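Please read the structure below before turning to the comments.
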There are 2 protein chains.
Amino acid sequence: MSASDNEIPYPATSYDVAKAAGVAQSTVSRCFQDDSNISPETRERVRRIAAELGYSRNALARSLITRKSNMVGVVATRFTIRNNPELVYTLGDALRSEKRRMLLMVIESDATVGSIIDEALEYPLDGLICCSNMKETDISRFRTRRVPIVFFNRDVKSALTDSIATDHAEAGQRAADLLFEAGHRRIVCIKGPEKAQVSLVRASAFVARLAELGVAHVPTVSTDFSYDQGLTAFTDLVENLPRPDAVFCANDQLALGVMDACRYKLGWRIPEDISVVGFDDIAEAGRLSYQLTTIRQPILEMALKAVELLLSRATNTDVEERNIRMAGRLIVRTSARIQDKECPSL
Amino acid sequence: MSASDNEIPYPATSYDVAKAAGVAQSTVSRCFQDDSNISPETRERVRRIAAELGYSRNALARSLITRKSNMVGVVATRFTIRNNPELVYTLGDALRSEKRRMLLMVIESDATVGSIIDEALEYPLDGLICCSNMKETDISRFRTRRVPIVFFNRDVKSALTDSIATDHAEAGQRAADLLFEAGHRRIVCIKGPEKAQVSLVRASAFVARLAELGVAHVPTVSTDFSYDQGLTAFTDLVENLPRPDAVFCANDQLALGVMDACRYKLGWRIPEDISVVGFDDIAEAGRLSYQLTTIRQPILEMALKAVELLLSRATNTDVEERNIRMAGRLIVRTSARIQDKECPSL
DNA sequence: TTGTACGCGTTATCAA
DNA sequence: TTGATAACGCGTACAA
């Protein structure tokens with residue numbers, strides 16, 4: 001028994017199947033395409049033989065000739081993945097139902113997106129869903145290659161490049177109205193990183209709206225969007241302040257930290273002593289221990305829409321860019337008083 | 001101006017670069033490989049011209065000839081992604097530092113893993129990290145193709161196939177010892193789905209150990225591993241039972257639901273009236289509102305080890321399978337009394 | 001309906 | 001050090 005007897009050096013190719021079935025390689029190829037002219041008998045026989053040989057088509061070789069990789073790149077930051085794990089699942093699921101694979105490229109933060117550009121360009125991606133900012137020079141490299149991009153929750157405007165995002169400004173404004181109408185006047189704001197566009201928009205719209213309503217000063221502090229900093233930054237902030245009666249947090253993680261600070265560090269009751277409003281509606285916000293009133297981002301609808309926008313670019317190559325903004329939805333729980341203080345009977 | 005003047009039909013290839021640089025295509029190829037014999041001047045000049053043309057190598061074409069896709073498949077269930085988002089990030093990060101891409105294939109649950117087998121086989125993956133069970137017949141299809149698999153937190157044993165998992169049995173046993181030594185005797189157990197191996201192992205080891213210690217009956221109920229069912233299943237379970245003094249939950253989500261059931265439905269104090277122990281150490285477990293005592297899975301270390309195991313198979317083709325079990329780590333917080341009831345002075 | 005021949009864009013081999 | 005040429009495995013004209 002020689003070495004060549006038991007060699008299984010490489011997976012079977014369409015040539016191997018062709019030889020075993022006594023047909024041409026192109027016939028084998030046709031047997032695995034849905035819309036090809038092939039006799040039912042041949043198709044069945046060849047497929048059976050292929051199965052016996054353990055044959056699968058090589059997707060890479062196919063991509064080379066069809067010039068379609070059937071792969072969609074998804075760029076996501078660590079924070080996005082942690083805060084919205086369902087987004088990853090939903091994107092993957094939506095892409096698979098469109099016969100696309102998900103090449104997930106994770107980055108530490110928006111600041112490090114540059115590190116994956118070259119790698120993404122080496123694959124003839126069908127498209128890129130980018131949950132990060134990107135420089136125009138990098139965007140144009142994809143555009144040159146005809147790789148469409150959809151930005152997800154990032155306010156990036158570029159030619160032929162779509163985006164979908166929550167309407168953060170409207171949402172921040174709504175939070176301001178909510179708290180003002182409930183009679184709150186000593187209001188503070190816990191926002192995210194200075195570099196995080198979404199946080200800035202939410203917070204500045206919130207503050208601006210309050211200013212319109214006559215609340216001139218809204219003490220504000222920046223954080224890293226984490227529970228821990230929500231807890232500590234809030235505690236520090238209120239130390240030298242008249243006690244606030246409401247707080248808006250630019251995301252739910254912060255809000256949970258603020259709530260725990262109130263209850264376990266400051267001894268304040270929620271919502272009797274202070275109203276807390278968050279942003280996102282993550283799973284934790286609905287726990288009985290928190291019951292956080294917050295503004296939900298329609299992440300899952302946005303994910304589906306992102307896939308739809310992306311794949312429609314394959315046919316509609318030159319349609320003008322679409323920048324879709326979806327309204328957040330106020331989820332009323334018990335962490336904020338929503339009726340006016342002056343009318344407790346309501 | 002004819003149509004051909006402004007056509008940018010396809011990305012530049014190495015032939016285009018070669019023509020522009022006045023060299024052979026193979027020379028261009030060499031300029032983009034680190035370990036090739038090429039004069040520094042040529043390399044620099046060609047690379048510059050390539051950059052001007054916006055050239056990137058086509059990874060698919062390269063894979064075809066090198067028979068290495070540099071892609072690693074990661075199979076993960078919706079539950080895994082939701083419960084352990086950091087796992088996704090860590091795997092992606094570890095793979096990228098090994099110059100590999102992550103093809104993430106999401107599935108609804110272990111039961112639907114069959115739906116991605118064919119699709120995974122079509123790519124000449126460098127390997128597969130599988131956070132799901134898999135039938136032996138499917139495993140062998142990958143083995144035939146020389147695609148190594150590492151099972152992650154699944155107790156799958158198969159030839160040449162590595163696995164890494166938390167030692168769930170040891171952990172369940174440890175939870176039992178912990179509660180028993182604290183003096184608890186009326187103990188209940190909230191486990192996960194009947195089909196979830198990890199849950200069964202944790203719970204049955206827990207119950208078995210208590211039996212050894214003389215606690216014969218441990219009322220147990222199955223759930224879907226969710227917060228909601230932790231809350232409702234526990235409430236239902238204890239309704240017709242003498243009040244338990246301790247509860248072990250097969251994951252943290254359940255434990256949080258149980259804690260909220262105790263506090264907000266049953267009016268029990270934690271840990272004075274009942275001790276609660278969870279499993280996983282998800283982020284929520286550490287919140288001040290919960291302070292859940294739990295057993296941490298070393299997910300991140302496991303992720304790194306999984307990548308290491310997988311890539312080592314590329315060279316060590318025929319080394320015997322390695323089934324690594326990592327010990328969980330007890331994280332003591334305040335949701336469980338750990339000293340004996342009889343010795344409150346401790 | 002099937003076979004022949006070519007090309008997708010790269011790396012690898014061999015000769016110069 | 002470089003160039004010519006042959007793969008890699010498939011899809012697709014075109015001819016039969």
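Chain letters run A, B, ... following the sequence lines, proteins first and then strands; every chain starts at 1. Here the structure is a predicted model, which is why all the values come from computation and not from measurement.
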Would one find a side-chain N or O of [X] under 4.0 angstrom from OP1 or OP2 of [N]?
{"X": "B/Ser14", "N": "C/dT10", "answer": "yes"}
{"X": "A/Tyr15", "N": "C/dG3", "answer": "no"}
{"X": "A/Ser29", "N": "D/dG11", "answer": "yes"}
{"X": "A/Arg67", "N": "C/dG9", "answer": "yes"}
{"X": "B/Thr27", "N": "D/dG3", "answer": "yes"}
{"X": "A/Gln33", "N": "D/dT12", "answer": "yes"}
{"X": "A/Arg43", "N": "C/dT1", "answer": "no"}
{"X": "A/Arg57", "N": "D/dC10", "answer": "no"}

| Think A/Arg101 forms a cation-pi with B/Tyr123, using NZ or CZ under 6.0 Å from the six-ring centre and within 45 degrees of its axis? |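 No - A/Arg101 does not lie over the ring of B/Tyr123 by the 6.0 Å and 45° rule.
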Quick one: label [X] by what it contacts on the DNA or RNA (base, sugar-phosphate, nothing), any heavy atom closer than 4.0 Å.
{"X": "A/Ser36", "answer": "nothing"}
{"X": "B/Thr13", "answer": "sugar-phosphate"}
{"X": "B/Tyr55", "answer": "sugar-phosphate"}

Distance check needed: [N] [atom2] versus [X] [atom1], whole Å only.
{"X": "B/Lys68", "N": "C/dA12", "atom1": "NZ", "atom2": "P", "answer": "11 Å"}
{"X": "A/Tyr123", "N": "C/dG9", "atom1": "OH", "atom2": "P", "answer": "17 Å"}
{"X": "B/Lys19", "N": "D/dG3", "atom1": "NZ", "atom2": "C1'", "answer": "17 Å"}
{"X": "B/Leu121", "N": "D/dG9", "atom1": "CG", "atom2": "C1'", "answer": "16 Å"}
{"X": "A/Asn37", "N": "D/dA15", "atom1": "CG", "atom2": "P", "answer": "17 Å"}
{"X": "A/Gln25", "N": "D/dG11", "atom1": "CD", "atom2": "P", "answer": "8 Å"}
{"X": "B/Asn58", "N": "C/dG7", "atom1": "CG", "atom2": "C1'", "answer": "14 Å"}
{"X": "B/Asp16", "N": "C/dG9", "atom1": "CG", "atom2": "P", "answer": "8 Å"}

| query | Starting at the 5' end of DNA chain D and moving along, which residue's nearest nucleotide shows up first, B/Leu64 or A/Ser26? | reply |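 In this pair, the answer is B/Leu64.
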| task | Take A/Ile38 and B/Val28, find for each the nucleotide of DNA chain C with the closest heavy atom, and name the residue whose nucleotide sits nearer the 5' end. | result |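 Here A/Ile38 is the residue nearer the 5' end.
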| Distance-only donor-acceptor test, A/Arg30 side-chain atoms vs C/dG3 base atoms, 3.5 Å |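 In this structure, the two groups form a donor-acceptor pair.
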| Going by modelled atom types, is there a donor-acceptor pair between the base of C/dT2 and the side chain of A/Ser39 at under 3.5 Å? |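 Under the 3.5 Å cut-off, the side chain and the base do not form any donor-acceptor pair.
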Nucleotide of [options] approaching [X] most closely (side-chain heavy atoms):
{"X": "A/Thr42", "options": "D/dC10, C/dG9, C/dT2", "answer": "C/dT2"}
{"X": "A/Ile65", "options": "C/dC8, C/dT1, D/dA4", "answer": "C/dC8"}
{"X": "A/Arg62", "options": "C/dA12, C/dG9, D/dC10", "answer": "D/dC10"}

| query | Any salt bridge between B/Glu136 and B/Arg143, counting N to O under 4.0 Å? | reply |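 A salt bridge links B/Glu136 with B/Arg143.
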| task | May I ask you to decide whether B/Lys157 forms a salt bridge with B/Glu321, counting only side-chain N to carboxylate O separations under 4.0 Å? | result |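 B/Glu321 and B/Lys157: not salt-bridged.
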| field | Test ring-ring contact (aromatic ring centres under 6.0 Å, His included) applied to B/Tyr55 - qualifying residues, sequence neighbours left out | value |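 For B/Tyr55, the residues satisfying ring-ring contact (aromatic ring centres under 6.0 Å, His included) (neighbours in sequence not counted) are B/Phe32.
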| Main-chain N/O of A/Leu87 paired to A/Thr90 side chain as donor or acceptor, under 3.5 Å |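 No, because the side chain of A/Thr90 does not come within donor-acceptor range (under 3.5 Å) of the backbone of A/Leu87.
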| query | If only atom types and distance count, is the side chain of A/Thr77 paired as donor or acceptor with the main-chain N or O of A/Glu108 below 3.5 Å? | reply |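 No, A/Thr77 side chain to A/Glu108 backbone: no donor-acceptor pair under 3.5 Å.
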